[in-house]
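Everything on this sheet refers to the single structure shown next.
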Amino acid sequence: LFDAQRRASSHLDLVIIGVECSLWVAEQWAVNLRAACPSLRIVVASSNKALAALTACHNAITCNGATPSETVFPSGMKASTACRHALALAVSHSGQSFPTLHAARALKAAGADVFCVAGQLDVVIADDVIGQQFAPGSPVTDRVFATNAGIRLAEAASLTTAATHHLLTELLVRVARQAPARDVALSRHDLDELASLSRTSVERDLPELCGGAHDAAVVGIAWGDHAVEPLIAFTAALVYILVTVTIGLPIAHAIAEACGLSKKSPWNYVILFADALLYTFFTVVFSLLLRLVQGRTLLARFGKRTCLVLDVPMVHQCAVAFAQKLFGLSYGLNSCEFAGGNPGDHAVHKCLHRIVRGTLVAVGVPDGRLKALVDVECATFLTALQLESLSNWGVGAEVCTVGHHSYTPDVVDRAVIFDFDRPKFLSEVRHDLLSGTVEPVARRMLYLAEPSLKSVLGDSSEKPRVRGKVVGAVSHGSEQDLAGALASHAVVEALYEGRVASLERLVAFYVLFHAMAERVSRVSRFFFYLRFDTWRSQAGTRVATTPSPTSPAAAVDVATGLMDDIHRVESSAAFRDSMQRSRHGGSVLDFSGRGNRTARNVMDRSWRPGLMDTSRRSLTLDVSAYSNLGLDLSSSGYRFPLPQSTSDPSPPHLAAQPSVVHEDGSNHGSNHTQDSKEEPEELRPVHTA
C-alpha cells in the first residue's frame, strides 16, 4: 500500500467496493483509514457504480440510474486508468455477490491488485479473481481476509456486519503500524491503545450488551407493545362484535335492561346510539384502555408506528436494514415502518415531516465527553430537540437515546446508557472532566477554554499508575504545548468513535430491534396466529441476482467465471449424502472443504431435522444470469428429482466438485444467506408426461 514505486505509477492507492451493509461498513473504515494515514488516496464506490465506470457505462439510463463514473473516480481520466496499479478491496460476506464479483473481475482486468474481505476463505472471489485455490498443495496468496463468521442463516445482517467492522479495525491498526512514519498521524502508543480499546470492546463489552445487561432489550419490548397494538385492538373489536351480535345483547343495552329500563322508554334510543358509538370506536376505546394498563402514552396516534434511527451513516443504515428485514414477513396489523438519517447532516430534512404523535425515534449519541466529539454531540441533541418540538395535543415523538454518556436532556423519554468503564482520555483530564455530569453546551465551553496547565501525570511516582488509566498520556501527557497535544490526540478520539463506540451503538440498536421484533412475533401468535419469522423475508434480495449496471449476459461475455461456476457443481447423490449427514450426524450442516458451498446457500427451513423429504426435492436455476449460454431454460427453471441411490452416475467434471444448490420451497428460490448466491446442482430437466 505504501510502496513508493507503485504509488508513483498509480493515480489511486486503494479502491474499495461493496454493496449494502458491506459498503456502509467499508465507507466508514475508509474515512478512519484516511484519518490515520492522510496521504492515502482512497476511493469507495458501490460495486454497481464501479462496474458501470469500469465497463464504460457512462449513461445514467443504461446504468439503472446509477451515478455516472465521473463522480466516483478522479475526473479527467477513465476509471480503468485510475485503477491501474492500485490496490482493490472487495468487501462481501459471501464473497460471491454478483455486483461485487463482477466489479472485482473488472478491477483485475484494469490492472488493480485485488484483495477480499469475506466470511471465510473458500469463496468465489478468492478462487475466480484472486486465484486462491484450496486443493491440497495449492500456494497461499494471502489476499483473503476472513472474519470466520461462516454460514449465517438469518437474512438480517447483524453478526456478519459486526465481524466485518472489527476485522477492518484490526486491518487499520496493522496498516498504520506498517506505514512509514511520515504517512501516519498516530504514534505507536496511540495504535496500541486503539487496539486495546477495540479488543476490550469485543471481548468484554459487546457480550455484556448482547446479554441484556443494559436497557436496550427493555426499550425494544416496550416499542414492540406499540407495534402490536393495532392487531390486539382489531382482534378485541372482532370478538366483541361477534359475541354481542350473536347473542343480540350489546353492552349498553344489557346494562339498561339490568337497571330495569323499560323497552318502551324513549331512553332506548339513547342506549342504542351509545351501542352504535361503541361499535364504531371500539378499537380506539380498547387501545386507550390497553395503553392505560401498560403505562404507555395515551394520546399517541393510532395505527402503524414509524421508527426513525438517527446516527452516523454506517450505524443508521445498517440498523434500518436490520430492522426492516426483521419485519419483512410481518402483517399489516403488526408491522412497523423504519427510516433513518444522520443527525449531524440531513436528519432534520429527511425526518422532520415524519414526526407525528407516537413516532419512535432512536438517537445514537456520540460520547461528547471527548473533545473531538462534543460538537457532534451538541448537534445530535439539537436534532432531537427539533424533532421533539413537533407536538399535537401536547404529545410528540417518543425519543430514546443510545450512547455511553449518562447525560440525558429533558426532551428524552428513554435512555440506553452503557458506560463500560473505559479509560479516561487525555482531553477529559486536561479540562477537569473526571467526574460529574456536565451538559454538552457547558462542556463545549470548557473545551473552548485553555486547557489546564497542571500536568495530568503529577509527580514521577504517579506517572506509571496514571499513564495506564489515561488514553494518550504516554504519547502526549508530558508535552508542554497542551493545545498541540490535544489537537494531535483528537485523531485517536475520532478513531475511537469510528472503530469502537459506533460499533457498540450499532450492536445496541441490533439488540433493541431484535427484542422489538421478537416481542411482536410472540404476542401475535395469540391473535389469529399472525406470528412471523424474524430471520427471513419474502424478498431474499441478498442472493446473487442483485441488479447490476451491465446485463448478466454481458458479464458472461466479458468473463468466463459464471461458466466455471456451472462446472463447480457436484452430483445430486453427494448432495443427498451431505443432507443426510446434517440430519443424522449430530450436527447441523457439518461439511468440510468446498462442501461448505452447499451449506452456505441452503436457507429453507426444511433443512431442520425431520422437516425435509429426501425422496424428491426440486431445485431452481436462476435463469437470468445464464441467458446467453444457449441453454433451453423453462420459466420455472430446471426441476429434477433427487435419486434414491448414492450410486447415481454423474459426469466426471460434475462428480469431482461439490455443489452450490438451493431448494425450491415456498419462497420460490429465495436465498437468505448473507450476501449469498444460488447455483444449480445439475442442468438436467425432468421428463414428465
Side-chain angles (χ1 to χ4, degrees), residues 1-4 7 13-14 16 25-42 87 89 91 115 117 142 145 147 162-206 314 366-367 369-373 404 420-430 456-457 463-464 466-479 481-482 484-504:
L1 191 61
F2 295 96
D3 181 73
R7 298 186 72 180
D13 294 321
L14 182 61
I16 308 173
V25 171
E27 286 175 339
Q28 178 153 317
W29 180 72
V31 173
N32 300 144
L33 180 61
R34 189 181 289 113
C37 304
S39 65
L40 289 179
R41 299 164 296 179
I42 305 175
L87 298 186
L89 183 64
V91 183
F115 291 75
V117 173
D142 291 332
F145 302 102
T147 65
T164 301
H165 183 95
H166 181 63
L167 183 146
L168 292 176
T169 300
E170 294 183 339
L171 183 59
L172 184 150
V173 173
R174 177 61 62 89
V175 168
R177 282 174 175 169
Q178 299 296 327
R182 65 179 182 276
D183 293 322
V184 64
L186 302 172
S187 68
R188 184 169 297 274
H189 295 295
D190 292 334
L191 294 173
D192 292 340
E193 289 170 339
L194 179 62
S196 177
L197 290 170
S198 177
R199 184 169 54 253
T200 302
S201 173
V202 171
E203 295 178 355
R204 184 197 68 183
D205 299 339
L206 292 183
M314 186 273 291
D367 194 348
R369 293 171 294 181
L370 308 184
K371 185 176 183 179
L373 305 178
H404 298 75
F420 293 121
D421 192 25
R422 62 159 176 80
K424 301 295 181 181
F425 280 73
L426 186 63
S427 59
E428 298 179 83
V429 181
R430 287 293 192 184
V456 300
L457 300 180
K463 288 183 180 181
V466 177
R467 283 184 176 183
K469 295 182 179 180
V470 179
V471 177
V474 176
S475 302
H476 310 286
S478 302
E479 297 182 14
D481 184 10
L482 301 182
L486 292 178
S488 178
H489 186 60
V491 179
V492 181
E493 297 178 345
L495 291 180
Y496 164 76
E497 158 64 19
R499 307 315 309 165
V500 180
S502 61
L503 176 60
E504 292 174 347

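The residues of the chain are indexed from 1 along the displayed sequence. All values reported here derive from a predicted model rather than from experimental measurement.
Between Glu193 atom CD and Ser187 atom OG the span is 7.5 Å, to the nearest 0.5 Å. In this structure, CG on Leu197 lies 11.0 Å from OG1 on Thr169, to the nearest 0.5 angstrom. In this structure, CG in Leu370 is found 8.5 Å from CD in Glu497, a value given to the nearest 0.5 Å. For the atom pair CG (Leu33) and CD1 (Ile42), the distance works out to 4.0 Å, reported to the nearest 0.5 Å. Atom CG of residue Asn32 and atom CG of residue Leu194 lie 9.0 Å apart, to the nearest 0.5 angstrom. Summarising the geometry, atom CG belonging to Leu495 is positioned 9.0 Å from atom CG belonging to Asp190; distances are rounded to the nearest 0.5 Å.
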Evaluate Glu170 against Ser198 for side-chain hydrogen bond (donor to acceptor under 3.5 Å, both in side chains), listing each step before the verdict. CA-CA 8 Å; Glu170 294 183 339; Ser198 177; over 6 Å; no
Does the pair Leu40 and Asp183 meet the rule for a side chain to side chain contact (heavy atoms under 4.5 Å, CB included), with working shown? CA-CA 8 Å; Leu40 289 179; Asp183 293 322; over 6 Å; no
Could you please spell out the steps behind the side chain to side chain contact (heavy atoms under 4.5 Å, CB included) verdict for Arg41 and Asp13? CA-CA 5 Å; Arg41 299 164 296 179; Asp13 294 321; 2.9 Å; yes
Side chain to side chain contact (heavy atoms under 4.5 Å, CB included) between Trp29 and Arg499, worked out: CA-CA 8 Å; Trp29 180 72; Arg499 307 315 309 165; 3.8 Å; yes
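Residues Leu206 and Leu503 have side chains in contact (heavy-atom distance under 4.5 Å, counting atoms from C-beta outward). Proximity of Ser502 to His165: side-chain heavy atoms (C-beta onward) are separated by under 4.5 Å at one or more points. You'll find the side chain of Thr164 reaches within 4.5 Å of the side chain of Val91, heavy atoms only. Considering only heavy atoms from C-beta on, Leu89 comes within 4.5 Å of Val117 through its side chain.
In terms of modelled atom types and a separation under 3.5 Å, the side chain of Gln28 and the main chain of Gly498 share a donor-acceptor contact. Looking only at distances, a side-chain donor or acceptor of Arg204 sits under 3.5 Å from a matching main-chain atom of Phe420.
The shortest non-hydrogen separation linking Arg7 to Ser39 is NH2-O, 2.9 Å. Closest approach of Asp142 and Phe115 over heavy atoms only: O-CE2, 4.0 Å. Among all heavy-atom pairs drawn from Ala372 and Glu493, the shortest one is N-OE1, 2.9 Å. A pairwise comparison of heavy atoms in Ile16 and Ala30 identifies CD1-CB, 3.9 Å as the closest pair.
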Output a table of donor-acceptor pairs, distance under 3.5 Å, between side-chain atoms of residues 174-182 and any protein atom two or more places apart or on a different chain; print 'none' if there are none.
residue: Arg177; atom: NH2; partner: Asp192; partner atom: OD1; Å: 2.7

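The ring-ring contact (aromatic ring centres under 6.0 Å, His included) test applied to His404 returns Phe418, not counting sequence neighbours.
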